[in-house]
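Per chain, numbering begins at 1; letters A, B, ... match sequence-line order. Basis for what follows: all heavy atoms, side chains included, without hydrogens, waters or symmetry-related copies. Keep in mind that this is a model prediction, so the values were computed, not measured.
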Amino acid sequence: MLDMKLFRNEFDAVSKQLGQRGVDKTILDDFLKKDERRRELIQETEKLKKMRNEVSDQIALKKRNKEDAQADIESMRNVGRKIKAIDAELEIVEKEIFDIAAVLPNLAHESVPVGEDENANIEMKKWGKPRTFDFEPKPHWEIGEELGILDFERGAKVAHSRFLYYKGLGARLERAIYNFMIDLHVDEHGYTEMIPPYLVNDEAMFGTGQFPKFKEDVFQIANESLTLIPTAEVPLTNYYQNEILEEEQLPEYFTALSPSFRSEAGSAGRDTRGLIRLHQFNKVEMVKFSKPENSYDELEKMTANAEDVLQKLNLPYRVIVLCTGDMGFAASKTYDLEVWIPAQDTYREISSCSNTEAFQARRAKIRYRQSDSGKVEHVHTLNGSGLAVGRTMAAILENCQEADGSVTIPEALVSYMGGITQISKKK
RNA sequence: GGAAGAUUACCCAAGUCCGGCUGAAGGGGACGGUCUCGAAAACCGUUAGGCGAUUCAUCUCGUGCAAGGGUUCAAAUCCCUUAUCUUCCA
């Protein structure tokens, strides 16, 4: 949710920025008009309520003194009717305002490049050197199927396409990857480990910005207002929903492994094979609550935390900053990490780290009390994948494959694999 | 599944039958002060916060007694719905 005061006071600047994110100007003009009407109505109704309170006190006094108060009661009857009418109109206007505000995207930070789509994204850095193969590198699903550690066919049979079984050392490797990630974030990066609910209610989905605009992207439970989380960002960020934190608590870091469930509506035909685009995948998520003045430093640190995972696994990657047109709904600024996928001869997204500033905090009502002034202000919230586990698996299978079809386990994971250094075909 | 009772501010708790001097008593805790070398004790004081409107800011006003509706000039108090908890019955 945007800051209403900012919107009002700097309407031109804000609407220009929202224009860059695809919002129609006429909606914003209407929005501003409705906001004015809302304040008019509030002033009218509050004036009448004040009068009602005063006269009611006089009536009480007269009754106590056994005086006649009938005239006052008659006149107040009319005031009561007026108040009811104004409040009814006010309710409608507020609903209309809310419906517009709920679907307006966040404003981009000034450092974000302006552009329409991913072509305007800017590469910030490259790390590691893609390996040169002296054989034709296979896509990870072939490697996984040939090694008998990934089973997409049975996943489709038992669930649906875009589901799979990890089997044997495949399941072990997935578990090694996320345990390694969580340990790294907890032991070295200062995050608190969490296991959140995997189903959340509508308020939580609203708080982080998925609802009401992106309902078609998620799986909902029939006859219940519960949704399978599309990312652990939802339960982690909403942990402090509707709370006022103390300044000393900040910053606070959470990390959690969770499955993520996505309907992938509208991505038919894209990445139909392999681990890149699934209806259910594991992800280690990082979430931060920060004071506003530090949130961009925290974003840099969080991105570095995600990079650290890739560096320790020795997987080549690049960092890009998303342009205004490519950013998510809630983000003020987003860095994507893209890992090298040899069989596709390209970099693919493996992490997305965003500062949403106060956008989610306003929706979820997460605030903090400044210790010296006692003033209450919205926190800034950040979230990032650290990392998507399935895609990490894909990257390892492809980057660490050998000519004979075996896969060498990255050094950092060997202890998590119980000493296993290589996955090879059973003889 | 059925019946009865409960839900008041950071915590406990009065007020609800019988609506109006409740701008929610009282206590605990917390915080500040006096005293002290320092602390404890004692004493004095503060303690709905939030939200919204207004304002440069203050002042002020509206809202607020589990949540949401209703009745009334007026609701913590009367009525309805929902949630949670307790006890009892199956």
Side-chain angles (χ1 to χ4, degrees), chain A residues 1-11 31-102 104 197 199-207 221 223-227 238-250 289 291-292 358-381:
Chain A
M1 207 91 85
L2 297 174
D3 179 2
M4 204 56 222
K5 286 212 176 86
L6 184 78
F7 188 86
R8 234 182 256 149
N9 298 337
E10 298 179 38
F11 179 72
F31 188 52
L32 190 67
K33 223 173 274 159
K34 287 191 159 79
D35 175 59
E36 267 165 42
R37 180 65 184 147
R38 169 178 168 268
R39 284 181 294 148
E40 263 171 38
L41 291 169
I42 286 174
Q43 285 172 45
E44 278 178 51
T45 186
E46 288 193 350
K47 213 165 78 188
L48 292 175
K49 280 174 184 167
K50 185 181 179 209
M51 187 204 287
R52 181 176 68 184
N53 289 341
E54 284 167 357
V55 177
S56 287
D57 284 346
Q58 288 168 20
I59 292 171
L61 193 68
K62 283 181 183 171
K63 292 237 168 179
R64 236 175 284 127
N65 297 337
K66 304 268 190 290
E67 290 170 35
D68 178 42
Q70 203 49 42
D72 287 333
I73 290 174
E74 294 294 335
S75 72
M76 278 305 102
R77 198 167 286 160
N78 208 18
V79 171
R81 269 196 289 270
K82 265 193 215 160
I83 289 174
K84 217 170 251 182
I86 296 170
D87 281 350
E89 189 184 346
L90 184 59
E91 199 180 325
I92 292 166
V93 172
E94 289 194 323
K95 171 81 166 63
E96 289 171 349
I97 288 173
F98 177 83
D99 286 346
I100 297 171
L104 292 177
L199 291 168
V200 296
N201 60 30
D202 293 352
E203 287 73 40
M205 290 295 280
F206 178 83
I221 306 297
N223 306 319
E224 304 260 1
S225 55
L226 287 170
T227 301
N238 280 286
Y239 183 78
Y240 283 130
Q241 176 202 91
N242 226 344
E243 292 192 35
I244 298 176
L245 310 179
E246 295 305 325
E247 184 174 343
E248 298 74 44
Q249 279 178 263
L250 300 173
F289 303 87
K291 290 198 268 182
F359 186 82
Q360 292 179 329
R362 252 179 245 116
R363 295 170 83 96
K365 301 189 174 64
I366 307 170
R367 292 163 294 169
Y368 78 102
R369 194 182 310 281
Q370 294 178 339
S371 47
D372 50 354
S373 66
K375 265 179 58 178
V376 173
E377 203 183 353
H378 288 102
V379 303
H380 282 193
T381 63

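- As rounded to the nearest Å, B:C12 and B:C51 have C1' atoms that lie 27 Å from one another.
- Contact annotation: A:Arg52 reaches the phosphate of B:A74 (side-chain N/O to OP1 or OP2, under 4.0 Å).
- Atom CD of A:Gln249 has more than 12 neighbouring heavy atoms from other residues, nucleotides or ligands inside a 6.0 Å radius.
- Atom CZ in A:Arg367 sits about 9 Å away from atom C1' in B:G49, given to the nearest Å.
- Where pairing requires Watson-Crick or G-U contacts shorter than 3.5 Å, the helical stems of RNA chain B with at least three consecutive pairs are B:1-7 with B:83-89, B:10-12 with B:26-28, B:29-34 with B:42-47, B:50-53 with B:60-63, B:66-70 with B:78-82.
- A salt bridge links A:Arg37 and A:Glu40; the closest N-O separation between the charged side-chain nitrogens and carboxylate oxygens is under 4.0 Å.
- At the heavy-atom level, A:Lys63 lies under 4.0 Å from base atoms of the strands shown.
- Distance A:Asn9 CG to B:A53 P: 11 Å, rounded to the nearest Å.
- Closest to the side chain of A:Lys84, out of B:A53, B:G62, B:U71, is B:U71.
- Side chain of A:Lys49, nearest nucleotide from B:G62, B:C73, B:G50: B:G62.
- Across the C1' atoms, B:A9 and B:G15 are found 15 Å apart, a figure rounded to whole Å.
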Check against side chain to side chain contact (heavy atoms under 4.5 Å, CB included), A:Leu245 and A:Arg369: CA-CA 6 Å; A:Leu245 310 179; A:Arg369 194 182 310 281; over 6 Å; no
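- Taking atom C1' on both B:C89 and B:C78, the two are 30 Å apart, rounded to the nearest angstrom.
- At the heavy-atom level, A:Lys5 lies nowhere under 4.0 Å from the strands shown.
- Listed pair A:Arg39 / B:G52 fails the phosphate criterion, with no side-chain N or O lying under 4.0 Å from OP1 or OP2.
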Evaluation steps, side chain to side chain contact (heavy atoms under 4.5 Å, CB included), between A:Lys291 and A:Tyr368: CA-CA 8 Å; A:Lys291 290 198 268 182; A:Tyr368 78 102; 4.1 Å; yes
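- Remark: the separation of the C1' atoms in B:A40 and B:G52 is 46 Å, to the nearest Å.
- Distance, A:Lys47 NZ to B:G52 P: 22 Å, rounded to whole Å.
- Checking A:Gln43 against A:Ile244, the closest nucleotide of RNA chain B that is more toward the 5' end is the one next to A:Ile244.
- In terms of phosphate contacts, A:Arg8 brings a side-chain nitrogen or oxygen within less than 4.0 Å of OP1 or OP2 of B:A53.
- Taking atom C1' on both nucleotides, B:A6 is separated from B:U77 by 16 Å, rounded to a whole Å.
- Residue contacts shown for A:Val79 are absent, as no nucleic acid heavy atom lies under 4.0 Å away.
- A:Ile83 has its CD1 atom 16 Å from the C1' atom of B:G70, to the nearest Å.
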Using the rule given for side chain to side chain contact (heavy atoms under 4.5 Å, CB included), can you reason through A:Gln360 versus A:Ile366, listing the C-alpha separation, both sets of side-chain angles and the distance that settles it, and then say yes or no? CA-CA 8 Å; A:Gln360 292 179 329; A:Ile366 307 170; over 6 Å; no
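- Among the heavy atoms of the strands lying under 4.0 Å from A:Ile59 is at least one base atom, whether or not backbone atoms are also near.
- Looking only at atom types and distance, the side chain of A:Glu74 has a donor-acceptor partner in the side chain of A:Gln70 under 3.5 Å away.
- For the pair A:Arg8/A:Arg39, a side-chain contact is recorded, criterion being any heavy-atom separation below 4.5 Å from C-beta on.
- Taking side-chain N and O atoms only, A:Arg369 has no distance below 4.0 Å to OP1 or OP2 of B:G49.
- Between B:G28 and B:A14, the distance separating the two C1' atoms is 15 Å to the nearest Å.
- Distances were taken from every side-chain heavy atom of A:Arg38 (C-beta onward) to each of B:C51, B:G62, B:A53; the shortest belongs to B:A53.
- Atom CZ of A:Phe11 sits in a crowded spot, with more than 12 heavy atoms from other residues, nucleotides or ligands closer than 6.0 Å.
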Side chain to side chain contact (heavy atoms under 4.5 Å, CB included) for A:Leu104 and A:Phe31? Distances and angles first, verdict last. CA-CA 11 Å; A:Leu104 292 177; A:Phe31 188 52; 4.1 Å; yes
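- Closest to the A:Glu46 side chain, of the nucleotides B:C51, B:G20, B:C61, is B:C61.
- Salt bridge A:Lys63/A:Asp72: absent, no basic N to carboxylate O contact under 4.0 Å.
- As rounded to the nearest Å, B:U72 and B:C79 have P atoms that lie 16 Å from one another.
- Rounded to a whole Å, the CG atom of A:Asp57 is 14 Å from the C1' atom of B:A75.
- If you measure from atom CD of A:Glu74 to atom P of B:U72, you get 13 Å, rounded to the nearest angstrom.
- Nucleic acid contact for A:Arg37: none, since no nucleic acid atom lies under 4.0 Å from a heavy atom of the residue.
- Distance noted for atom C1' between B:C88 and B:G29: 36 Å (whole Å).
- A:Ile73 has its CD1 atom 11 Å from the C1' atom of B:G20, to the nearest Å.
- When each of B:C73, B:G62, B:U54 is scored by its nearest atom to the side-chain atoms of A:Ser56, the top-ranked nucleotide is B:C73.
- A straight line from CD of A:Gln370 to P of B:G50 spans 12 Å, rounded to a whole angstrom.
- If you check B:U63, B:G52, B:G20 against the side chain of A:Asn53, the one that comes closest is B:U63.
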